[in-house]
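Below is one structure; the comments refer to it alone.
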2 protein chains.
Amino acid sequence: MSSARPLNYDPHDYEPFAVTVDLAVFTIRSGTLHALLIRRAEEPYAGDWALPGGFVRARESAHTAARRELAEETGISPDAVRTLHLEQLRTFSEPDRDPRMRVVSVAHTALVPDLPEPRGGSDAAHAQWVPLGPEGPRLPGASAVLPLAFDHDQILAEARDRIGAKIEYSCLATAFCPPEFTLGELQQVYETVWGTPLDRPNFRRKVLATSGFVEPVAGPARLTGGRGKPAAVYRAGPATALQPPLLRPRPEGQPR
Amino acid sequence: MSSARPLNYDPHDYEPFAVTVDLAVFTIRSGTLHALLIRRAEEPYAGDWALPGGFVRARESAHTAARRELAEETGISPDAVRTLHLEQLRTFSEPDRDPRMRVVSVAHTALVPDLPEPRGGSDAAHAQWVPLGPEGPRLPGASAVLPLAFDHDQILAEARDRIGAKIEYSCLATAFCPPEFTLGELQQVYETVWGTPLDRPNFRRKVLATSGFVEPVAGPARLTGGRGKPAAVYRAGPATALQPPLLRPRPEGQPR
DNA sequence: TCAAAAGTGTTGATCCTACACCCATGA
DNA sequence: TCATGGGTGTAGGATCAACACTTTTGA
């Protein structure tokens, strides 16, 4: 805040801003990264696809608003939504990003495990999981990338980049998994987000070498495929940072 | 944006928000990290120290507003300020963070080379560089950490953490250096931000191994100390990412 | 001649990649 | 018995921290 702010001022003396949250919600279904999108009912961009989101209310922080919207759009209970990974991405504030008025949006990223099809709340009965190709969202069968309303293409792309970078040095990847999972499933998360195959023995060693990343659960089970040796079951541990990091294979240039 | 937004709406139908930017501006002077702080003239927190900042204007993005404020507070020309490193940190939006009204602040972090004492603009003739101890800002001679107004302690601490993390895998550190610098000076940046001494031969090798991090300049010079062999002079190169990263020595636990 | 800072060389430990290999299950 | 996925072992190369050493300057 500037010291030049007058002692007594009325909010309406200043340019009125609307403050919203937009959500880039990701999940992994059948080996493909998906984002939760809605179809806009009204102008502008009526009929176009967009990120879910909404206004920050009078007594809410942006984070609280994002959590509320996430529960509404996914149909997850407000209690359960507290356990999901939800973090601020960045704030988008270009003056003309919304043609109607000045809207500043605090974009958030959320990671959820594979869910039943979203049972939309009042706000968006039409929220859908849309698969993400290498270039962006693509409806099943469509040949081209789906353009989003407003600056949501940019938000989605930034959110996706951030996730890819963040699972390298944080324990975030378990947020895509159900409460109990196998190392094969965890590896699939990495492979799906990065779009690269990983060496299974080495992946396994790296994960287990980081204390607190995953912890073993009692009875074994079979999960990843219909066949093969049953895999040991793990749950997410208390750690949040990955030390040493799990670096993705660099595509070109030096092997490292 | 939510699809539930009504077709025609007036901004004042909603809770009016003020949107501000706050700046965590860092520099290094004589081997110590400093932050730019101002003294508040008015209530609340009159007389307390705070981060510089101000309102986002009607036709500005948050980034533009941050750049404008940075120029005003440091006395750097609007042209020159474009070359500085300025990036969004995150948005602070707790409902009661400002006791007067609802203020959402998009915090930014800026890195500047060592400057002459800030010639305050109209807004803050009293902006000062305050050295940062391990626990936070501390006025010269003071025994305790200086508490800041609003949630600015938290903003400053987060900004500082982020810088420490970011110079590991980005070329950001050169932003603290003048246009031409020696590797000794660059190493001092790392040592100051991290608060750890580094091995000179190894530091040198790592920096030079990353193509585009620094590039040599013609004639040699003496800089770092009054004595010793003159050091080769470099300038910042075109790279932005550091591959491989320059990891800080981990204080405890596993050697890596 | 000494202290201080820049710059080069080396070595042993560590880490990691890329495999080969065995195990347990369903079909 | 074969295909499939889980899990263990290991060898060779790359990397890196730590430290010895040389060089060039000011005092």
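Source: prediction; values computed, not measured. Chain letters run A, B, ... following the sequence lines, proteins first, then strands; residues in each count from 1. Computed over heavy atoms, backbone and side chain alike; hydrogens, waters and symmetry mates excluded.
Annotation: side chain of L23(B) is not in contact with side chain of L51(B) (no heavy-atom distance under 4.5 Å).
Of the residues L89(B), I163(B), D153(B), D151(B), the one that meets the side chain to side chain contact (heavy atoms under 4.5 Å, CB included) test with E158(B) is L89(B).
Atom CD of E168(A) is separated from atom P of dC16(C) by 13 Å (rounded to the nearest Å). Following rounding to the nearest Å, L183(A) (CG) and dG5(D) (C1') show an atom-to-atom distance of 13 Å. Residue L246(A) contributes atom CG, which lies 12 Å from atom C1' of dC16(C) at whole-angstrom precision. Atom pair L247(A):CG and dC15(C):C1' shows a separation of 12 Å (rounding to whole Å applied). One can place CZ of R248(A) at 19 Å from C1' of dT17(C), the figure rounded to the nearest angstrom. Atom CZ in F203(A) sits about 16 Å away from atom P in dA18(C), given to the nearest Å. For the pair E185(B) CD and dG7(C) P, the computed distance is 11 Å after rounding to whole Å. Protein atom CG of L198(B) is 13 Å distant from nucleotide atom P of dA6(C), rounded to whole Å.
In this model, the phosphate group of dA6(C) is not approached by any side-chain N or O of R204(B) to a distance below 4.0 Å at OP1 or OP2. Of the side-chain N and O atoms in K206(A), one or more sit less than 4.0 angstrom from OP1 or OP2 of dT17(C).
Under the 4.0 Å criterion applied to side-chain N and carboxylate O atoms, R68(B) and E72(B) are assigned as salt-bridge partners.
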Base-contact (B) and sugar-phosphate-only (S) positions in nucleotides 19-27 of chain C, heavy-atom cut-off under 4.0 Å, - elsewhere: BB--BBBS-

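Side chain of E168(B) to backbone of R248(B): a donor-acceptor contact under 3.5 angstrom is found. Between the E191(B) side chain and the L198(B) main chain, a donor and an acceptor come within less than 3.5 Å of each other.
Distance CG/L132(B) to NE2/H34(B): 8.0 Å, rounded to 0.5 Å.
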